[in-house]
Amino acid sequence: MALVSMNEFLPKAKANKYAVGQFNMNNLEFAQAIVDAAMELNSPFIYGVSEGALKYMGIEFTVAIAEAAAKKSGLPIALHLDHGSSFEVAMKCIRAGFSSVMFDGSHYSFEENIRLTKEVVKAARAMGVSVEGELGTIGGVEDDISVDEEHANLAKPEEAIRFYEETGVDCLAIAVGTAHGMYAGEPNIHFDIIEAVSKAIPVPVVLHGGSGVPDEMIRKSIAAGVGKINVNTENQVACTDAIREVLNKDAKVYDPRKYLTPARKAMVEVVKSKIQLFGSSNQA
Ligand code: 13P
């Protein structure tokens, strides 16, 4: 099967109240672990690729790996640019074979974000490629944000609705209190914002910063209208912990397969648990 647009599975996820996972691909072992887990559970999924990961892997290898996974598995898989920063990088990815792109204009003014996102949607739609937009600022793990600042960054439902109506994105990431990376405590997720936006627009809300969010909060987010959830850090931690364990046990190891095999196994377990939690098993 060829790579597909997120529209092959997101409308069904929203209608049936489950979420499809975006698992970030950082190297070959991540890609293999993610597709192996999804094959075991017969689930659609999204390979998220950040600009940093793209630089690390190279665009040709990234597309070739994702295409191989789609061919091998027969699953509906979208290859999605994560937090694309410009029209140019989105077009470069589409030309190279990406089936989906995110344009993150959240650091621009509201009007400019709409204008730039619309340009990406127009071009991407003509090529059958899905688009994710972003509104509000999603914090990072190093941002020790106080409650006031956090509120200042949250998406406003009326703006999110207008953003959807004007841009026609296929899914919408809104800042609702999650952050990229692991949390020091628990995230303060604003389920009311998710619900208000999700009720008013036909496409799913996207939850970024899915790592470390307690299971109950994930279930509540999905019930409120989240249809796509991004996970990266938990796989990175599982991968590195497994490698560290092998190397700590035996300092003489030099064959990368000796530590990458357990690393890949550990990521399979993370991805399987997320797919089960998100409810996308047997939805391929
Ligand atoms: P985590 O790294 O917190 O899982 O977030 C991933 C993400 O949102 C990628 O866009």
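Order of appearance sets the numbers: ligands from 1, and atoms from 1 within every ligand. Numbers here are sequence positions counted from 1.
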Excluding sequence neighbours, so at least two apart, what forms ring-ring contact (aromatic ring centres under 6.0 Å, His included) with Tyr47?
Phe45

Could you go step by step and tell me if Ser85 and Glu51 meet the side chain to side chain donor-acceptor pair (under 3.5 Å) rule?
CA-CA 8 Å; Ser85 62; Glu51 288 184 26; 2.8 Å; yes

Should side-chain heavy atoms under 4.5 Å link Ile, Leu, Val, Met, Phe, Trp and Tyr, which residues sit in the same cluster as Phe9?
Met1, Val4, Met6, Leu10, Tyr18, Val20, Ile46

For Phe103, does its backbone N or O pair with a side-chain atom of Glu134 as donor and acceptor, under 3.5 Å?
no

Can you tell me if Ser50 and Lys55 form a side-chain donor-acceptor pair at under 3.5 Å?
no

Taking only heavy atoms of the protein into account, state which residues are under 4.0 angstrom from an atom of ligand 1, in chain and number order.
Asn24, Asp82, His83, Ala179, His180, Gly181, His208, Gly209, Gly210, Ser211, Asn230, Val231, Asn232, Thr233

Linked hydrophobic residues, Ile243 as query - side chain contacts closer than 4.5 Å
Val246, Leu247, Val253, Tyr259, Leu260

